[in-house]
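Just so it is clear: chains get the letters A, B, ... in the order the sequence lines come, proteins before strands, and each one is counted from 1. Being a predicted model, the structure only gives us computed values, none of them experimental.
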Amino acid sequence: MSLKKGVFPCVLVMAITLIVAGSVQAAITLKVWDQWTGTLDKQAVDMMDANFEKMHPDVKIERSAMPAATIADKIRPALLSGTGPDVIYPEVGITFLGPLAKAGLVMDLTEVWEKRGWNQKLVEGAKAIPTFGGRTFGVGHEIEYVPIYYNKNIFNKLGVTPPKSISELEDICEKALAAGYIPIAWSARDWWTKTNLATAILWSYLGKEKAEEAMFRGGSWDMPEVREALQKAFVEWPKRNFYPPNFVALGYDEGNMFFYQQKAVMHPEGNWMIGGYVENVKDFEIGVFLWPRPKEGEPSCTIFFCGSGYVISNSTKYPELAVDYVDYLMASKEAAKLWYEVAATIPPLKLSEEDIAEWNVHYLVKEATKALSSEEIQFVPGLSMGTPAEAFEFLKTGVAEILTGQITVDEFVKEWEKLWQKGREEGLTYDTFKLE
Amino acid sequence: MLLKYKKSPNQRKYKSMAEERIGYLLLLPALVLYGIFVLYPVVDSVVLSFYKWDGAGPRIFVSLANYIQAFKDRVVWISFRNNVIYTAGIIAFGVFPGLILATLLAGKIVGRTVFEAIFFFPRLLTQVIVAIVWSWIFNPVFGLLNQVLRTVGLGFLAKGWLGEPRFALPAVIVAGAWTYFGFCMVIFLAALQNTDPTLYDAARIDGANAVQIFINVTLPQIKYVVAMVIVYTVIDSFKVFDLVYLLTQGGPGHATQIMATYIYRKSFAEYFFGYGASIAVLLTCFILAISVLYLRYQERGM
């Protein structure tokens, strides 16, 4: 066969292939930016995307997974250009989402919450966190709290039980030290470990009323309890060697390793760590207790997070489809099962204990679900949800400065209060935010 | 009959104008790219520095408020001080070792090319790799440095190098200097090739020792290159971002905070883009001033 004769059929086959491929290609591509980069998370969300595509044969989900910080860096120019993703999964507290909402870059979902029945179907916090200026701009997900996980085997060996007050917690730490263990697996190189521990100890000392007064109702942070809490966790406990050696220079994973390797007894972490426990802990049983209060008998007050949440770009060409996607991921039982079983993550969908009992859910996830629905526990959103950005950045460096003796607790509190005041004046807090 | 054609002055003028036009036309693509990716961002940053902008909403004109705030901001001064210390450290542990190595290698040494390649190698690595390698070396749990100290019986000196304010900046300087001395060495080696060998012979005949030769013969001959390398180091050190950000993110606290990491924090973590731009403009002015001073010094010396 001559070369010329061979070219025509090849071109024809290619043309037909292109036409066929074009006709079977999905008509709509929904672009999603999320944070599901972990093995289990990714697996779960891939399954959900596949299910959604089956339900919408003309739709293709084009998902780009990246860390929260990358989304934070990229999302503003992406949305301003009008060519960004349709659905985004950033942090949904006022700190990050507020300016985007004010600039009209994300969709107001207030009516969608009503229309789709999310007000009834989803937990209250999933709405409260992304609501400011009287409007709701997202759906909070990853319902989380920050208890203290502990090694049950070592607790038994030490002959101790979960503490009922801060002084009991300190007693356990002393016993652990005496037995050659690191009492608390905590590291301070990464910022979130510092902000989470700061919030946990603050909420423990302040309690719900005072914490919410300061964060949501314009109250002052300049309180003796704030000073006591910070002094305890960031001055006294390091001096008493309650944390690993050189903990300020340790990264998050290195800090966690002390707990996995049974060198440390307790691990103050959010239930997002359960996936990590499932993967890394094989040789011992893990227990969980809530942060104790300074005095025995006071109700536990712990951090409540919706880690991040789904928001929709105001410039999306497919608003209804984007809402359908979020609705499937957040409000369908099918997706909830995948969140629980595969991702070991608690979604915002309200479920009965019977529902979960039938599923293959890790015992720590069950424990977390039970705690999160408990009415005896006081839940207060984390500082990362409602702190003005400048004050939050100060929290990250300020805690490190206290830990390394660069500033005193008193200096910290004064600067913290000043930056909160500035944030309020600029309308960057829940109580002062206005949609103009 | 073949007539010899001679161009008139007008024709020559037109030809030169046409060549000029073609020249400009050829420059145009590069100029457009330069305008879009360099000039426009620079001008826009200067404009932005007079505004308050959160990256999402409208820009609000605030006149010189950002600049006034920058001069009052204690962290700006801490960052500037850290930049100065970092620069001094890089000059001390990058430029001068580079000069000494170049002087040693300039003589007749077996395997000179191999040494040159080895010393220059760190410069070829991206800063991300350098940061990862040094964060491992400085790691308090499994880091090489602490392991070596423990092995030689100096375990009491082992510490969390990047977690202690006193040691974090020196540790970052060591990592920075490691990537830099080889580069300096190559520049100085090139300069040493152009020195006058008769001056060395004369110095030796006069009984000068190696140190005296280095100070009185070598240095005067390459002083402009040394000055150039130092100015380049100052500019490069004030621009440093990636190495510091990846190693410490400016911490602990502000112990390794430098201008570039603080600009990043203000702009991309706190969303004060106007304020971040004002600090960037101040940094640019400082670097420009250094560059102008150097150019004047060089002109005077030439």
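- Rounding to the nearest 0.5 angstrom, the gap separating the CG atom in B/Leu247 from the CZ atom in A/Arg189 is 9.0 Å.
- Salt bridge annotation for A/Glu426-B/Lys52: present, with a cationic side-chain nitrogen under 4.0 angstrom from a carboxylate oxygen.
- Looking at every heavy atom in both residues, A/Ala400 comes nearest to B/Pro252 through CB-C, 4.1 Å.
- Atom OH of B/Tyr40 is surrounded by 12 or fewer heavy atoms from other residues, nucleotides or ligands within 6.0 Å.
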Please evaluate residues B/Arg74 and A/Glu401 with respect to the criterion salt bridge (Lys or Arg N to Asp or Glu O under 4.0 Å), reporting the C-alpha separation (whole Å), side-chain torsions for both, the decisive distance (0.1 Å), and the verdict.
CA-CA 14 Å; B/Arg74 85 174 171 110; A/Glu401 285 183 299; 3.5 Å; yes
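- Heavy-atom pairs under 4.5 Å with chain A were tallied for B/Ala158, B/Gly57, B/Gly160, B/Gly251; the largest tally goes to B/Gly160.
- Across every non-hydrogen atom of B/Ala56 and A/Leu80, the tightest pair is O-CD2, 3.8 Å.
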Step by step, work out the side-chain contact (heavy atoms from CB on, under 4.5 Å) result for B/Glu164 and A/Thr404.
CA-CA 7 Å; B/Glu164 291 192 24; A/Thr404 53; over 6 Å; no
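- A cation-pi arrangement, defined by a distance under 6.0 Å to the six-membered ring centre and an angle within 45 degrees of its axis, is absent between A/Lys102 and B/Tyr271.
- Contact between B/Pro165 and A/Gln406 at its shortest, heavy atoms only, is CG-NE2, 3.5 Å.
- Residues B/Ala269 and A/Ala389 come closest through the heavy atom pair O-CB, 3.9 Å.
- Taking the ring centre of B/Phe273 as origin, the terminal cationic atom of A/Arg76 falls outside the region bounded by 6.0 Å and 45° from the ring axis.
- Of the atoms belonging to A/Glu254, it is side-chain heavy atoms, and not backbone ones, that fall under 4.5 Å from chain B.
- For B/Phe93, the CZ atom is loosely surrounded, since the number of other residues' heavy atoms within 6.0 Å does not exceed 12.
- A salt bridge does not link B/Glu270 to A/Lys422: none of the charged side-chain nitrogens sits closer than 4.0 Å to a carboxylate oxygen.
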Go through B/Tyr264 and A/Asp73 one step at a time and tell me if the side-chain contact (heavy atoms from CB on, under 4.5 Å) criterion holds.
CA-CA 10 Å; B/Tyr264 176 80; A/Asp73 284 351; 2.9 Å; yes
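- Side-chain contact, A/Asp190 with B/Gln249: no donor N or O sits under 3.5 Å from an acceptor N or O.
- Using a 4.5 Å cut-off between heavy atoms, B/Phe142 contacts chain A through its side chain alone, with no backbone atom that close.
- Both the backbone and the side chain of A/Glu393 come within contact range of chain B, with heavy atoms under 4.5 Å apart.
- Taking a 6.0 Å sphere around CZ of B/Phe61, one finds it holds more than 12 heavy atoms contributed by other residues, nucleotides or ligands.
- Within the 4.5 angstrom heavy-atom criterion, no atom of B/Tyr275 approaches chain A.
- Counting heavy-atom pairs closer than 4.5 Å to chain A, the top residue among B/His254, B/Lys159, B/Arg166 is B/His254.
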